[in-house]
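Keep in mind it's a predicted model, so treat the numbers as computed, not measured.
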Amino acid sequence: MNEPQNKGDNPDNRQNTPQNTADIVTNMALAHEILMDDSFKLQSDLPENSLEKQVRDVVHKAFWDKLREELNQEPPVFSQAMSLIEEVKENMLSLLLPHHNSLRAQINEVLDLDLIKQQASHGILDISRLAQFVVGILSKLCAPARDEQAKKILQNEDLVDLFKEVFNLMDAMKVDMANFQLQSIKPHLVQQSIEYERNKFKDYLQSNPDGLMSTKVWLKRGAEVAIGTSPRTAAQNSAEGVDSTDFQRKLQDTSLSDVLVHGYLGIIFGEPGWPYPETLIMDEFRLAEMRWSIRRTTLIASVVLVTLNTVGQQLASDAAYLTSLKKVLYILLDGVSEGDFPSALPGMYEQIVRETEKFLDDRGLNKLTSQQKDMLKGQTEGITSPDNTVFNLISTRVYDFMLTRIKSLLHQRRDAARYSPSQDRRSTSPTIPQGLACVNSELSEITGRFARVVGHNIAVFTPFYEDILEELKNS
């Protein structure tokens, strides 16, 4: 669809219609997802209950039913078959690479449509032979993971079912090729993505002048935390009241990186009403999952700590016990929403007792006393209370750990234009704080993913953030 233009054909004067704006956001989101998700792959299957799948299934069924009906006639009719062979040929040629000259010649020779039409008109067309040729070529072209799928095709005695599987294989191969090409261009995409996303966001702002409204509120909140609180207070989801005059004075000496780091961490640790910037909309679900993962990891670290304090030293250094206990707790909280964590605590207590007594028995140690069980029950089931000392302590340490990690990233990447998402993987992680050793790998993994999102966001949107901070300083 051509974009409406003003002032002749100058592309710089294009109007941003709602459809054009939607296209901008869609293209930007796709490029962003490819860049941020190492496991990103195109999928060939449509959602099971989608309208697109229902329409496609109806159309396909009508085609295959018509083909079966024609082939079962005496003599067979090949009108549908000719359409099928023509489409098969086009698909096979599209799967070839430039150096596949020999295969291209074979396909053009065997699937010569004029010759096939003549054979069909004289009743001598051998569909089975053509099918075997097609499968043989596809077997040479498909990825090793598709070998079994290709071998099974010729096991179909029914020609219609056989060609159905041929098309399924070709669809899968086209997706495989597209994913291979995506991986091939990814290094180039990494280099170009910063400028691309920044320019696309500028296009978006042309039709949405207030498109940074929430971002301004978010940066101001980050500035309030950076100026008015220590990192520990910020981890406890509160910002000290700051006098407006004092705020302006302190803001003059506050760097953008200090404001940003608390803004980003507020998304993970802040209260539900924490402002959410437009500049992170494409990472909204990714960051929501990280927030949940951090809350779950903080809860598990807290529960393990109170358990070890109750059990004493007899299992505190038992690596097998700690590994088993942590695994069970993660499973118990899998799929439980953050708001439902408190309701999961009684079940966690019961499982802790079972795991602990099992290991105590295996090690020939004394069982838990009734007093220990009562203490463990009370401490476990009260762990998510707002004033719980252990949970708040662990939460603060998690915040401090991530704060150090993100600040390190910001110092390494002061020149945002040179940022590469792969860079933060090579950065040295800070030392795991006391009490978090049991969740070391999980915390480091989440922090690494968070740092990647933050690093790319800084690289893309720093010019916008600088303007907003300057506006805040001068307001």
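Here the NZ atom belonging to K152 is positioned 12.5 Å from the CZ atom belonging to R146, to the nearest 0.5 angstrom. Between F464 atom CZ and E278 atom CD the span is 11.5 Å, to the nearest 0.5 Å. Interatomic distance, OG1 of T298 versus CD1 of I268, reported as 10.5 Å (0.5 Å rounding). Taking OG1 of T297 as the start and CD1 of I446 as the end, the distance is 4.0 Å to the nearest 0.5 Å. In this structure, the separation between CG on L436 and CD1 on I300 is 12.5 Å, given to the nearest 0.5 Å. To the nearest 0.5 Å, the span separating CD1 on I458 from CD1 on I406 amounts to 7.5 Å.
Nearest heavy atoms, L138 versus M92: CD2-CG, 4.2 Å. For the pair F461 and T279, the tightest heavy-atom approach, listed with the atom from each and the gap, is CE1-O, 3.3 Å. Scanning all heavy atoms of the two residues, the minimum distance from E86 to L113 falls at CG-CD1, 3.7 Å. The nearest pair of heavy atoms linking I267 to P277 is CD1-CD, 4.0 Å. The shortest non-hydrogen separation linking H262 to Y399 is ND1-OH, 2.9 Å. Taking all atoms of both residues into account, the shortest heavy-atom contact from T384 to P342 is OG1-CG, 3.6 Å.
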**Prompt:** After noting the C-alpha distance and the side-chain angles of V160 and K164, does the key distance pass the side-chain contact (heavy atoms from CB on, under 4.5 Å) rule?
**Reply:** CA-CA 6 Å; V160 175; K164 282 184 183 179; 4.2 Å; yes
**Request:** Begin from the C-alpha positions of S102 and Q106 and carry the test side-chain contact (heavy atoms from CB on, under 4.5 Å) through to its verdict.
**Result:** CA-CA 6 Å; S102 176; Q106 289 183 53; 3.6 Å; yes
**Request:** Walk me through it: do S343 and D340 pass the test side-chain hydrogen bond (donor to acceptor under 3.5 Å, both in side chains)?
**Result:** CA-CA 5 Å; S343 64; D340 290 334; 4.6 Å; no
**Request:** Start with the C-alpha distance between L169 and E165, add both sets of side-chain angles, then the distance that settles side-chain contact (heavy atoms from CB on, under 4.5 Å), and finish with yes or no.
**Result:** CA-CA 6 Å; L169 177 59; E165 294 305 316; over 6 Å; no
**Test side-chain contact (heavy atoms from CB on, under 4.5 Å) applied to E289 and R449, step by step** = CA-CA 11 Å; E289 187 279 327; R449 288 192 286 123; 2.9 Å; yes
**Message:** E445 vs S441, test: side-chain hydrogen bond (donor to acceptor under 3.5 Å, both in side chains). Steps then yes/no.
**Reply:** CA-CA 6 Å; E445 188 273 332; S441 58; over 6 Å; no
**Message:** Apply salt bridge (charged side-chain N to carboxylate O under 4.0 Å, His left out) to residues E442 and R296 and explain how you reach the verdict.
**Reply:** CA-CA 10 Å; E442 291 81 7; R296 180 175 68 159; over 6 Å; no
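In this structure, Y465 and V259 have side chains that are not in contact, with every pair of non-hydrogen atoms separated by 4.5 Å or more. Proximity of D147 to P144: side-chain heavy atoms (C-beta onward) are separated by under 4.5 Å at one or more points. Proximity of F163 to L84: side-chain heavy atoms (C-beta onward) are separated by under 4.5 Å at one or more points. Taking the side chain as every heavy atom from C-beta outward, V134 and V110 never approach each other to under 4.5 Å. Between V398 and V439, the closest side-chain pair of non-hydrogen atoms is not below 4.5 Å. Side-chain contact between M348 and I383 is absent, with no heavy-atom pair separated by less than 4.5 Å. In this structure, the side chains of L299 and I394 stay at 4.5 Å or more apart for every pair of heavy atoms. The closest side-chain heavy-atom distance from H100 to L141 is below 4.5 Å.
Atom NZ of K220 sits in a sparse spot, with 12 or fewer heavy atoms from other residues, nucleotides or ligands closer than 6.0 Å. Counting heavy-atom neighbours within 6.0 Å of K327 NZ, excluding the residue itself, gives a total of 12 or less. Residue E109 qualifies as open at atom CD: its count of foreign heavy atoms under 6.0 Å is 12 or below.
Remark: side-chain polar atoms of N108 are paired, donor with acceptor, to backbone N or O of R104 under 3.5 angstrom. Put simply, the side chain of R295 gets close to the backbone of F269: a donor and an acceptor are under 3.5 Å apart. A donor-acceptor pair is defined here as one N or O able to donate and one able to accept, closer than 3.5 Å; such a pair exists between the side chain of N474 and the backbone of E470. Without hydrogens or angle criteria, N392 side chain to T389 main chain gives no donor-acceptor distance under 3.5 Å. Side chain of S385 to main chain of N388: no donor-acceptor pair is present (N/O by atom type, distance under 3.5 Å, no hydrogens or angles). Remark: side-chain polar atoms of R198 are paired, donor with acceptor, to backbone N or O of A459 under 3.5 angstrom. Here the side chain of T447 pairs no donor or acceptor atom with the backbone of S444 at under 3.5 angstrom. Here the side chain of N208 pairs a donor or acceptor atom with the backbone of Y204 at under 3.5 angstrom. In this structure a side-chain-to-backbone donor-acceptor pair under 3.5 Å is missing from W218 to L260. Side chain of R397 to backbone of Q434: a donor-acceptor contact under 3.5 angstrom is found.
A salt bridge links R68 with D161: the closest approach of a Lys/Arg side-chain nitrogen to an acidic carboxylate oxygen falls below 4.0 angstrom.
A donor and an acceptor atom, one from each side chain of S83 and E87, are nowhere located under 3.5 Å apart.
The aromatic rings of Y264 and F450 sit perpendicular to each other, their planes meeting at more than 60°, with 30° as the lower class boundary.
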